[in-house]
Each structure stands twice: as C-alpha cells, then as structure tokens.
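Working notes, beginning with the structure itself.
Please read all numbers here as calculations on a predicted model, not as lab measurements. Sequential numbering from 1 along the given sequence is applied to the chain's residues. Because only heavy atoms are used, hydrogens play no part in the values below, and waters and symmetry mates are left out as well, while side chains stay in.
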Amino acid sequence: MKFSVFILLVISYLCGINKGLEAATIVEGTNTISLSPTVLTALFEEGRTNNSGLRVTEARVTASQFGTETVRIWEDPKFSFGGVLAGPRRGRIEEDGDLVYGVEQKLPLWSRPRLSRDILVAETQTQATEAAFREALLRRDLTKGLLRIALVHQTTAFIANDLAWLDTLIALGEERFRAGFGSHTDLLQMQNEKSKRTEALRTEQNRLRTEQAALNRLLGRELQSPWPRVELPRLMPPVVYSPALAGYAATNEPRLKVLRQGKAQAEAVTRLTETMRRPDVSLGLQGRQFSGDAGFREGTLTVSLNLPWWNAPKYRADLRRDEAKVRTIEAEMADYELSVREEVLRLTLATDAAYREAVLYRDEILQRTQQAMASHLVMWEGNRGALRDILDARRAFLDAQLVQDRAILEQHQALVELAALCDLPDYFQLGRLLVQLTGPAQHEYAGPAPSAK
C-alpha cells in the first residue's frame, strides 16, 4: 500500500514536471528582460557609443569633413627670382637690368575649385551613409544576439527540468528495484541518460557564455560581463509578401543608400574630369632691375597656358574611364535592388514556414509525444513496457520542444532581417509599416511582443 501511494505521488510529480517543461517555467530570480523597444533602444545607444567599428566610421566621417575645408579657390602664387651674368656689354646690362623677378598666379577657371569641393562633399556624404549602414548592421546584430541568448536560456531551462525529471525517475526505479519489481539494467539506463543530459547542460552553458561574449563585444563591454535571463518572444503571425513592401525596402535599404551616394561621388569626379581637357591659364608679372643703382628698368605682364590638345586622346580616355565607373555603380545598384526584392520574398516566406512549423509542433506533435510518454510510463509501472520506450518518448518530447522554439527564433530573426532591409529603428516598427503600406485589412501582423509561450 505504501509503495502504491509512492507511485501515485511520483506520477503526479512527473506530470507536474512535464507541464513545467512545456511552459519553460524555471525562474532565475527576478533578473529577467524581454525584448522591447525600450530595451533595444538602450542597447543601440550603448553600442553606438562604445562599438569600436562605429568609432572607425565616425572618424572617417570627421576626416572627410575636414577634407572639404582644404579646397583652395586660388592656388598658391609662384614667385621667381634670377639674375643676368655680366658680359662684355656691360652698358646694355645697366640699361636692361641684371635682376629679374616675377610672380605668377593660376586662374580658377572652369569651376574647378567648386567641382573639387563637390567631390569632397560627396565623399563626406558617402562616409556618413556608410556610418549609418554600419549602425543598421549593429542594430540587427544586437537584436539577433539577444534572440540567440533567449533561445539558449530556454534550452538550458528545458535540460535542467529534464534532469529533475530524470532524478525523480531514478528514485522511482530504485524504489521499484528494492521492492523487487525493477531491474538493475533499468537503473543503469536511467543513470546513463542523466549523464548525457548533464553534459548537454554544460554544453549549453558554454554556448551561453559564447553568445554573451559576442553580444558584449558588440556593446564594447568586457567579454565576461554577466547578462540577465532573456525571455524568448511569442510566436507571431507570418508577414505576407507585397510589392509595396519590396519597393519600400528597395528604396530604404542601407547598403543601397551607400551605393547611390557612391554614384553621386563618381558623377562629381566625372564632371571635374570633363574640365581637364581645357587649358590651365596663369597671369604673371615680371620686373627687371639693375643691382648697381637699384633702379627699376621694366615690367612685363604675361599670360601662360598649357596645351592639353596634344594629349586630347588621353583626356578622353580619362573621361571614358570615369563614365564607365558611374555605369558600373548603376549596374551594381540594379543588381543589388533585385537581390533586396528577392530577399524580402525569402524572408516573408521564412516567417510563414517558421510559423507553420511552430504551430505544428505546439498543437500536434508535442501533444502526441507527451501522451505517448505518459502511456509508456504507465505501461512500465505495470511491468508491461520497457524503460527504453519511456526514454525514447522523453527525448522525442524534448526534441519537439526545441524544434518549436528554434522555429520561433527563426521567425523573429527573419523579422529582424526584414526590418533591417527597411531601415527601421527596430523590428517592433514592422507592423506599423505594413499597415501603412497595405492597410490594416491586409495584415493581421501587428508587430512582435514579448511573452511566454
């Protein structure tokens, strides 16, 4: 009678463990965070301040801004000085002067100073756009890093719950063995299973340290800085593909903005190259003076210019080269825009695939595997089943739970990638964007919200 009561208590405890495992209700104090706009904004600001890669891009922007101030409208004037060696006709030297000096100034013709400044301004804008692109990548990587940490926390909780389940099962097996109903082989199988779970828990803990170190590096923190538990967000409805969404991404994708600004910079270089076929004109003033009495003898006004027509084919080749660079960037932009539209389609389909997989495991496979596990447990208790069937069913239940959570992670990562393509501050703004583009009747998606499953 006492043994039967113990069996009932153990079965009740095992059912409680199963429910706890399904809900992932291991609570590590109150130090828990959920993904939210406030949390992500705080992390973005910290990363913008401390990330070493962003500091590099900001330094490049600053250097380019200083470069725009280096353009000179007037080139430095040239001063020349010389003398005439005395010869047999000294009287003529006294009359013409033996000291020759002059100054020459290049004229700022053909708008070359303005065009040169336009190139530097375009370069500064390109560097600024590149910095914004790096910030968008940082926002994406930070969010995906938090999601990966949330999954590892969830997996660690499952394995820890499973270890508690195995401890209870081992206690039940020992009681059965002492009562003469169990076998030593069953105890060894259960202990082997516990050893496997213990090693799996250590592996997940090491993985958690790796993910935390990667996130700390992005934030400029010490690699071993601790992190609170991160909750895995709930499953969201899939995002439906629409041409409006693809067009918005093709307009606002950060790398496309960099390419467009690079095209503007290449066009500015082309405009300057067009003026190189025109001559450089300089004005000069020259004077002669006799060193004997310091008397001024004569002054000369000069105009000098180079003759670029001799190298006209070379200048045309320069122009064709720069025009080819513009066309290259245009072709790269067209190709990348197509890839962005393709990526939007892939990501929207990925949200749908992940949603269907998570729902399948949540509503069907998990329920069936849990029922199978309970059935095998009852049969084993009545000596009508093998322990191996219980352990196999338990492993199938754990695998199904992890597949469901990985599907949730993949869906949210696809949402993060989609928000990055649209250059949104965070993926919580995605639902609002979809409503603006297609109207509320077209999308039930309203944006992610943190919640336990």
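In this structure, Pro77 and Val103 have side chains that are in contact, with non-hydrogen atoms separated by less than 4.5 Å. Between Thr273 and Tyr315 there is no side-chain heavy-atom pair separated by less than 4.5 Å. Contact annotation: the side chain of Trp227 never approaches that of Leu208 to less than 4.5 Å [non-hydrogen atoms, C-beta and beyond]. By the 4.5 Å heavy-atom criterion applied to side chains, Leu398 and Trp165 are not counted as neighbours. Pro279 has its side chain out of reach of Leu307: every pair of non-hydrogen atoms, C-beta onward, lies at least 4.5 Å apart. Counting heavy atoms from C-beta on, the side chains of Arg278 and Leu109 never come closer than 4.5 Å. No side-chain heavy atom of Leu151 sits under 4.5 Å from any side-chain heavy atom of Glu204. Counting heavy atoms from C-beta on, the side chains of Tyr427 and Glu417 never come closer than 4.5 Å.
When every heavy atom of Arg148 is checked against every heavy atom of Leu409, the shortest pair comes out as N-CD1, 3.9 Å.
Listed by chain and residue number, nothing satisfies the side-chain hydrogen bond (donor to acceptor under 3.5 Å, both in side chains) test with Gln411 (two or more places apart in sequence, or in another chain). With sequence neighbours excluded, the residues satisfying side chain to side chain contact (heavy atoms under 4.5 Å, CB included) with Glu135 are Arg48, Leu54, Arg139. Here Gln125 pairs with Gln261 under the side-chain hydrogen bond (donor to acceptor under 3.5 Å, both in side chains) rule; sequence neighbours left out.
For the pair Glu364 and Arg368, the salt-bridge criterion is met [side-chain N within less than 4.0 Å of a carboxylate O]. A salt bridge links Arg321 to Asp318: one of the charged nitrogens lies within less than 4.0 Å of a carboxylate oxygen. Residues Arg114 and Asp118 are paired through a salt bridge, judged by an N-O separation under 4.0 Å between the basic side chain and the carboxylate. One finds a salt bridge joining Arg134 and Glu130 here, because a Lys/Arg side-chain nitrogen approaches an Asp/Glu carboxylate oxygen to under 4.0 Å. The residues Glu343 and Arg346 are annotated as salt-bridged, a charged nitrogen and a carboxylate oxygen being separated by less than 4.0 angstrom. A salt bridge links Asp423 with Lys257: at least one charged nitrogen is closer than 4.0 Å to a carboxylate oxygen. Taking 4.0 Å as the cut-off between side-chain N and carboxylate O, Arg202 and Glu199 count as a salt-bridged pair.
Side-chain N or O atoms of Thr41 include none that pairs as donor or acceptor with a backbone N or O of Thr38 at under 3.5 Å. Using a distance-only test at 3.5 Å, with no hydrogens or angles considered, no donor-acceptor pair links the side chain of Glu222 to the main chain of Gln224. Put simply, the side chain of His412 gets close to the backbone of Arg234: a donor and an acceptor are under 3.5 Å apart. Side-chain atoms of Asn51 come within 3.5 Å of backbone atoms of Leu218 as a donor-acceptor pair (strictly under, hydrogens ignored). Panel note: side chain Arg217, backbone Leu223; no donor-acceptor pair is recorded below 3.5 Å. When atom types are taken as modelled, the side chain of Asn216 and the backbone of Ser225 share a donor-acceptor pair closer than 3.5 angstrom. Side-chain atoms of Asp426 do not come within 3.5 Å of backbone N or O of Pro37 as any donor-acceptor pair. Without hydrogens or angle criteria, His153 side chain to Val230 main chain gives a donor-acceptor distance under 3.5 Å. Proximity of a side-chain donor or acceptor of Arg112 to a complementary backbone N or O of Thr275 within less than 3.5 Å is detected.
None of Leu421, Leu345, Leu347, Val239 except one satisfies the side chain to side chain contact (heavy atoms under 4.5 Å, CB included) rule with Leu245; the exception is Val239.
In this structure, CG on Leu137 lies 10.5 Å from CZ on Arg255, to the nearest 0.5 angstrom. Between Leu424 atom CG and Leu415 atom CG the span is 11.0 Å, to the nearest 0.5 Å. To the nearest 0.5 angstrom, Ile119 atom CD1 is 12.0 Å from Thr124 atom OG1.
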Salt bridge (Lys or Arg N to Asp or Glu O under 4.0 Å) between Arg394 and Glu193, worked out: CA-CA 11 Å; Arg394 183 66 179 183; Glu193 197 72 16; over 6 Å; no
